[in-house]
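Working notes, beginning with the structure itself.
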Amino acid sequence: MRVVARLVASKIGEEPTDLDKVLESLGVDLPWIDKIMLVQNMEGVEAVYHAVSGKILVRRVNAARA
């Protein structure tokens with residue numbers, strides 16, 4: 001899981017991105033609970049659940065703000 005977390009973290013920027021789209025571009029399909037564990041393993045990344053769309057949005061946190 002940590003390897004996938006690092007790979008996903010390397011693919012996202014400072015703009016919010018749909019986690020499912022990033023995973024799809026990498027050819028990875030995870031169940032909901034594994035996506036939560038994945039987000040917990042990503043350092044320097046914050047995630048927000050968008051209730052209207054039902055998606056997890058992720059973005060890299062600026063080190064200066066953290």
Side-chain angles (χ1 to χ4, degrees):
M1 186 63 69
R2 289 182 187 193
V3 172
V4 176
R6 284 184 178 220
L7 186 59
V8 170
S10 72
K11 297 290 183 183
I12 60 174
E14 291 187 12
E15 293 297 318
T17 306
D18 179 11
L19 178 60
D20 287 330
K21 288 186 180 183
V22 175
L23 291 171
E24 183 180 310
S25 73
L26 296 171
V28 177
D29 185 29
L30 295 174
W32 182 255
I33 192 70
D34 288 341
K35 290 177 189 175
I36 300 299
M37 289 189 318
L38 178 71
V39 168
Q40 291 174 339
N41 282 307
M42 287 192 285
E43 294 181 21
V45 173
E46 70 177 7
V48 175
Y49 176 71
H50 190 262
V52 174
S53 65
K55 300 200 178 281
I56 299 173
L57 303 176
V58 292
R59 72 179 188 98
R60 184 167 306 282
V61 178
N62 187 347
R65 284 184 19 194

Between [X] and [Y], is any pair of side-chain heavy atoms under 4.5 Å apart?
{"X": "Arg59", "Y": "Glu46", "value": "yes"}
{"X": "Val8", "Y": "Leu23", "value": "yes"}
{"X": "Val28", "Y": "Val22", "value": "no"}
{"X": "Glu24", "Y": "Asp18", "value": "no"}
{"X": "Tyr49", "Y": "Leu19", "value": "no"}

Identify the residue among Leu26, Leu38, Asp34 that makes a side chain to side chain contact (heavy atoms under 4.5 Å, CB included) with Val4.
Leu38
Lys11 atom NZ: more than 12 heavy-atom contacts under 6.0 Å:
no
Roughly how far, to the nearest 0.5 Å, is CG of Leu57 from CD of Glu15?
11.5 Å
Any chance you could measure Met42, atom CE, to Leu7, atom CG, to the nearest 0.5 Å?
10.5 Å
Applying a strict under-4.5 Å side-chain criterion to I, L, V, M, F, W and Y, I'd like to know whether [X] and [Y] cluster together.
{"X": "Ile12", "Y": "Met1", "value": "yes"}
{"X": "Val58", "Y": "Ile36", "value": "yes"}
{"X": "Trp32", "Y": "Val39", "value": "yes"}
{"X": "Val3", "Y": "Met37", "value": "no"}

